[in-house]
Amino acid sequence: MAAERLVVIGGDAAGMSAASQARRLKGPDELSITAFERGHFTSYSACGIPYWVSGDVEQRDDLIARTPEEHRARAIDLRMRTEVTEIDVAGQRVRALDRDSGETSWTGFDKLVIATGARPVRPALPGMDAAGVHGVQNLDDGQALLDTLDRATGRRAVVVGAGYIGVEMAEAMLKRGFEVTVLNRGEQPMATLDPDMGRLVHDAMDGLGITTVNGAAVTAIRTGADGRAAAVETAGASYPADVVVLGIGVEPETTLARAVGLPVGPHGGLLTDLSMRVVGHDNIWAGGDCVEVLDLVAGRTRHIALGTHANKHGQIIGSNVGGGYGTFPGVVGTAVSKVCDLEIARTGLREKDAHAAGLRFVTATIESTGRAGYYPGARPMTVKMLAEYRTGRLLGVQIVGRDGAAKRVDVAAVALTAGMTVEQMTALDLGYAPPFSPVWDPVLVAARKTVTVLRKAGTA
Ligand SMILES: Cc1cc2nc3c(=O)[nH]c(=O)nc-3n(C[C@H](O)[C@H](O)[C@H](O)COP(=O)(O)OP(=O)(O)OC[C@H]3O[C@@H](n4cnc5c(N)ncnc54)[C@H](O)[C@@H]3O)c2cc1C
């Protein structure tokens, strides 16, 4: 019997996890696997780009988990620099363009995986494509930025965007010896936090010597006589720049899928069922940054471009196409990042999400430390907690602080997933010894305070 044919579009986290997992379950005589990647790299960690640019990670190749040769040695026919330009759903085939030779060809499939990722938002403003303006979406982008940094004669960096990529790149530029200005369109940096917690990030960035300008919507990149970026313009000001780094978010890359009418949700991502199968299409799966995921707390879909989800999606898709079984129930919205020694974490709903979901809630914010107060090196952290009015159900947690602040959010992520109340959380048996936490862990202190607030509101 002829082997079943699996075609994968996109050769990074979701796509190659799917291909690898399918190959673990089925050998080449049962399943042929062809994967298309239009870029120069496969199985790379975009997440590591800020740390490569900063110099914390020495070499580009440290960010590559598996080379094309390694995939091919496992009987995955990986075609690099080859872009899928069309999906023929009824004919069960894809058309691909070899970007080096210019040749196109069709490849048939029995099962198709779409893992085309996301594309960076790049507003059509004057000067956006000038030399010296850099995105950081993939390893080519990272290399181009490093080349600019090596050549730069001045030391002024302007980072556009203050989401997690913006603040991580601000740190990278600082470590590279640049004077850094971050232009943020919003009220505070890190819009994934409530503004009161974002303010803490702003103040800490100030303390690190990073200038953050809030409410600064970019109108143009001004170029110099040499055509290179020379300044970033906003409505009211001009910020001189020797290099400009863009971190203004991404949107799902679903051009191919939309062209053939595959279903997309309100945020532009493909819609899948629990097994990551595209809704209404038995033989097509999709995962990673090109799909929407179910927010288990808010009960609606969202687009969240994170590698942690993409890898899980790929693993689940690979299991399902390889004859096993896996499901992805959804997310609670957990994310961590840092700027220098300041750690930033969030999970669940912010105040505005809870309002949008029509929930009534209370909030509590506490200050604590990451170790016992008397233990050397204890540093402050702030924890904000949201709980549902009347039921006391945990809705969200945000943490800003140092020394182990970020990963504390994982306790809250588990509590959210389990649907715990803040009262139940106060009794969690978390580890304690002075070097690791105060006797009451900051998350437990926040839960206790939230219970008090609920009681005062007459509901707990
Ligand atoms: C600077 C930066 C830092 C990040 N840090 C973190 C972090 O700390 N934690 C975290 O969880 N996530 C982080 N992420 C996000 C994470 O990298 C992505 O969520 C993850 O890479 C998504 O994987 P994916 O496979 O869905 O998409 P991608 O990694 O974007 O891969 C999609 C691939 O498909 C290829 N492709 C697209 N269309 C076609 C086509 N038509 N034909 C052939 N190939 C095609 C693309 O070239 C690309 O290689 C970061 C991202 C960036 C940019």
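Both ligands and their constituent atoms are indexed starting at 1 by order of listing. These figures come from a predicted structure and were not determined experimentally.
Ionic pairing of D88 and R93 is present here: one or more N-O contacts between side-chain nitrogen and carboxylate oxygen are shorter than 4.0 angstrom. The residues E171 and K175 are annotated as salt-bridged, a charged nitrogen and a carboxylate oxygen being separated by less than 4.0 angstrom.
The side chain of Y44, and not its backbone, has at least one atom closer than 4.0 Å to an atom of ligand 1 (non-hydrogen atoms only; side chain from C-beta on). Looking at L256 against ligand 1, only its side chain comes within 4.0 Å, counting heavy atoms. With a heavy-atom cut-off of 4.0 Å, A310 touches ligand 1 through its side chain alone. Counting heavy atoms closer than 4.0 Å to ligand 1, residue V336 contributes nothing at all. Here A13 has heavy atoms under 4.0 Å from ligand 1 in both its backbone and its side chain.
The single protein non-hydrogen atom nearest to atom 52 (C) of ligand 1 is I165 CD1, 3.6 Å, given as residue, atom name and distance. When only non-hydrogen protein atoms are considered, atom 2 (C) of ligand 1 lies nearest to A46 O, 3.3 Å. Here the protein heavy atom with the shortest distance to atom 26 (O) of ligand 1 is D289 N, 2.8 Å. Here the heavy atom of the protein found nearest to atom 6 (C) of ligand 1 is C47 SG, 3.2 Å. For atom 33 (C) of ligand 1, the closest non-hydrogen atom of the protein is E37 OE1, 3.5 Å. Of all protein heavy atoms, the one closest to atom 16 (C) of ligand 1 is G307 N, 3.4 Å. Atom 30 (O) of ligand 1 has G117 CA, 3.6 Å as its closest protein atom, hydrogens excluded (heavy atom only). The nearest protein atom to atom 31 (O) of ligand 1, hydrogens excluded, is given as D12 CB, 3.2 Å; this is a heavy-atom distance.
With hydrogens and angles disregarded, no donor-acceptor distance shorter than 3.5 Å links the side chain of R60 to the backbone of D62. Between the S319 side chain and the G324 main chain, no donor and acceptor come within less than 3.5 Å of each other. D203 places no side-chain N or O within 3.5 Å of a backbone atom of L200 that could act as its donor or acceptor partner. In this structure, the side chain of E37 engages the main chain of G39 through a donor-acceptor pair within 3.5 Å. In this structure, the side chain of R228 does not engage the main chain of D242 through any donor-acceptor pair within 3.5 Å. Listed for the R99 side chain is a donor-acceptor partner under 3.5 Å among the backbone atoms of R38. Panel note: side chain R122, backbone M128; a donor-acceptor pair is recorded below 3.5 Å.
An N or O contact shorter than 3.5 Å links L306 to ligand 1 by distance. Polar contact check, E253 against ligand 1: no nitrogen or oxygen pair lies under 3.5 Å apart. Looking at E83 next to ligand 1, no N or O pair under 3.5 Å apart turns up.
Side-chain contact of S17 with N311: a donor-acceptor pair under 3.5 Å is present, judged by distance alone. E179 and T181 share no donor-acceptor pair across their side chains, judged by distance under 3.5 Å alone. Q143 and D147 share a side-chain donor-acceptor pair at under 3.5 Å.
Applying the ring pair (Phe, Tyr, Trp, His ring centres under 6.0 Å) test to pairs two or more places apart or on separate chains, those with a residue in residues 294-329 are H313-F328.
With ligand atoms numbered from 1 in the order given, ligand 1 contributes 43 (C) to contacts under 4.0 Å with heavy atoms of T82. Every atom of ligand 1 is numbered from 1 in the order shown, and the set under 4.0 Å from a heavy atom of T116 is 32 (C), 34 (O), 37 (C), 38 (N), 39 (C). Near A305, with a cut-off below 4.0 Å to any heavy atom, the atoms of ligand 1 are 15 (C), 19 (O). Numbered from 1 in the order shown, with element, the atoms of ligand 1 that lie under 4.0 Å from a heavy atom of G288 read 26 (O). Residue-ligand proximity, T308 to ligand 1, at heavy-atom distances under 4.0 Å covers atoms 11 (O).
Residue A115 holds the heavy atom nearest to atom 32 (C) of ligand 1 of all those in A14, A115, G10.
At least one heavy atom of Y164 sits less than 4.0 Å from an atom of ligand 1.
By the side chain to side chain donor-acceptor pair (under 3.5 Å) test, T417 is found to be paired with no residue, residues two or more places apart in sequence or in another chain being considered.
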